[in-house]
Structures are given as structure tokens and as C-alpha cells.
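First up is the structure itself, then whatever we jot down about it.
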Amino acid sequence: QVQLVESGGGLVQAGGSLRLSCAASGRTFSSSAMGWFRQAPGKEREFVAAITWSDGNVYYQDSVQGRFTISGDNARNTVYLQMNALKPEDTAVYYCTAAEGVPYNRRWWTAVEYNYWGQGTQVTVSS
């Protein structure tokens, strides 16, 4: 069994910053990518960012491009999300996720590509 545990969420004022962390534990596995999704109240879960280990490529949702930075450590199956210039519309539960399998021809912005999910961490941005 693989567990993903997020940390770093909280309450911040608009314009502030937070750094989310996610670490995998349990059985040993090799991830091809790790990422973050979020879900705001009354809305569907949406892609935020992903990083692929084979080539170091990063992917972002348009609304967070330039404000959020994803990074991580492949060997430790650890991923981070640095969030700057936060806006009230960034308020959501943020979920860490990891994918196994071949890293090619994958749609990293879709939830179905991922095998494991964390429980989520709340991020609240006040105006």
C-alpha cells in the first residue's frame, strides 16, 4: 500500500505565500510523475501542476502559471508546491497525487492518469 501525505496548508491573506509538501510512504514504488490537484467547495477537482521525472518537465494550469512552482525529489517520491501571490480563488483542498507506468504520451492534466492520492490539505486565502 502506498500513502501520500500532504502538509503545509493553512490560512493566508491574499498576496501571501504557502509551500505544500507531499511525501510517499508504504511499499516501494517508482513514480513516473507527481502532481497536485485541488477542489473548491461546489466545484470539480481540477489540475494544478505536475512534474515528470524522466525529463523534468513541469505542467501548470493556466491560472497558476507564473505564481506556483512545482518541484520534487524523484528518489524520495516527494513533491512540493510553492504558491506565491495567492488569490481568494485559490482557496481549495489541495491533493497530492502520483502516477506509475510509462512516462510517455500521458495526459498529466487529467486525474485518471494517477494511481495514488493523498487525503488533501486545506488552503484558505482571505481577501
Side-chain angles (χ1 to χ4, degrees):
Q1 192 77 352
V2 173
Q3 292 86 37
L4 299 179
V5 179
E6 304 100 335
S7 61
L11 172 64
V12 65
Q13 289 187 334
S17 298
L18 284 174
R19 186 174 189 247
L20 305 184
S21 300
C22 173
S25 63
R27 70 169 178 84
T28 301
F29 77 106
S30 179
S31 63
S32 51
M34 294 186 74
W36 294 91
F37 283 69
R38 67 186 181 186
Q39 187 167 18
K43 295 187 177 181
E44 294 186 353
R45 190 172 298 191
E46 64 176 5
F47 171 74
V48 176
I51 183 168
T52 53
W53 303 125
S54 62
D55 52 16
N57 281 348
V58 293
Y59 305 84
Y60 296 100
Q61 183 198 112
D62 288 346
S63 69
V64 308
Q65 181 80 44
R67 300 188 297 122
F68 291 10
T69 302
I70 189 169
S71 62
D73 185 336
N74 183 14
R76 298 183 179 185
N77 283 321
T78 301
V79 68
Y80 308 97
L81 186 67
Q82 177 66 43
M83 305 185 294
N84 298 329
L86 283 160
K87 303 175 181 180
E89 51 263 44
D90 294 318
T91 295
V93 177
Y94 283 69
Y95 297 91
C96 171
T97 188
E100 293 181 302
V102 296
Y104 309 110
N105 298 319
R106 304 284 293 269
R107 298 181 300 169
W108 299 119
W109 57 92
T110 60
V112 295
E113 294 286 1
Y114 297 89
N115 304 96
Y116 308 107
W117 293 82
Q119 292 299 308
T121 185
Q122 177 70 45
V123 171
T124 303
V125 184
S126 63
S127 58

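Please read all numbers here as calculations on a predicted model, not as lab measurements.
- Residues Val12 and Thr124 fail the side-chain proximity criterion, which asks for heavy atoms closer than 4.5 Å.
- Sorted by first then second residue, the ring pair (Phe, Tyr, Trp, His ring centres under 6.0 Å) pairs that include residues 86-107, not counting sequence neighbours, number zero.
- Taking the six-membered ring where the residue is Trp, the centroids of Phe29 and Tyr116 are separated by under 6.0 Å.
- In this view, Trp53 satisfies the ring-ring contact (aromatic ring centres under 6.0 Å, His included) rule with no residue, not counting sequence neighbours.
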Take Thr121 and Val93 through the test side chain to side chain contact (heavy atoms under 4.5 Å, CB included) and record every step on the way to the result.
CA-CA 5 Å; Thr121 185; Val93 177; 6.0 Å; no

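- Val125 and Met83 fall within the same hydrophobic cluster, defined by Ile, Leu, Val, Met, Phe, Trp and Tyr side-chain heavy atoms under 4.5 Å apart, directly or through other members.
- In terms of hydrophobic clustering, with Ile, Leu, Val, Met, Phe, Trp and Tyr side chains grouped at heavy-atom distances under 4.5 Å, Val58 and Val79 are assigned to a common cluster.
- Side chain of Arg67 to main chain of Ser63: a donor-acceptor pair is present (N/O by atom type, distance under 3.5 Å, no hydrogens or angles).
- Of the options Glu46, Glu89, Glu44, a salt bridge (Lys or Arg N to Asp or Glu O under 4.0 Å) to Arg38 is made by Glu46 and by none of the others.
- In this structure the side chain of Gln122 reaches within 4.5 angstrom of the side chain of Thr91, judged on heavy atoms.
- Counting all heavy atoms, side chain and backbone alike, Thr110 lies closest to Phe37 at C-CZ, 3.8 Å.
- At least one donor-acceptor pair under 3.5 Å links the side chain of Glu113 to the backbone N or O of Arg107.
- Proximity of a side-chain donor or acceptor of Asn84 to a complementary backbone N or O of Phe68 within less than 3.5 Å is not detected.
- Formation of a donor-acceptor pair under 3.5 Å by the Gln61 side chain with backbone atoms of Phe47 is found in this model.
- Both Val64 and Ile70 are assigned to one and the same hydrophobic cluster, defined by single-linkage of ILVMFWY side chains at heavy-atom distances under 4.5 Å.
- Within the 4.5 Å cutoff, no side-chain heavy atoms of Thr69 are placed close to those of Leu81.
- The closest side-chain heavy-atom distance from Arg106 to Tyr114 is not below 4.5 Å.
- Judged by distance alone, with hydrogens and angles left aside, the side-chain atoms of Ser32 form a donor-acceptor pair with the main-chain N or O of Ala99 at under 3.5 Å.
- Scanning both residues, Ser17 and Gln82, for their nearest heavy atoms gives CB-NE2, 4.0 Å.
- Taking every heavy atom of both residues into account, Gly72 and Ile51 meet most closely at N-CD1, 4.4 Å.
- Leu20 and Gly9 get closest at one heavy-atom pair: CD2-N, 3.6 Å.
- A side-chain donor from one of Asn77 and Ser31 sits under 3.5 Å from a side-chain acceptor of the other.
- The closest donor-acceptor contact from the side chain of Gln39 to the backbone of Lys43 lies under 3.5 Å.
- Nearest heavy atom pair, residue Ala14 against residue Ser127, reads CB-CA, 4.4 Å.
- Ion pair Glu100/Arg27 flagged as a salt bridge, since at least one NZ, NE, NH1 or NH2 atom sits closer than 4.0 Å to an Asp/Glu carboxylate oxygen.
- The list of disulfide (SG to SG under 2.5 Å) pairs with a residue in residues 75-127, not counting sequence neighbours, reads Cys22-Cys96.
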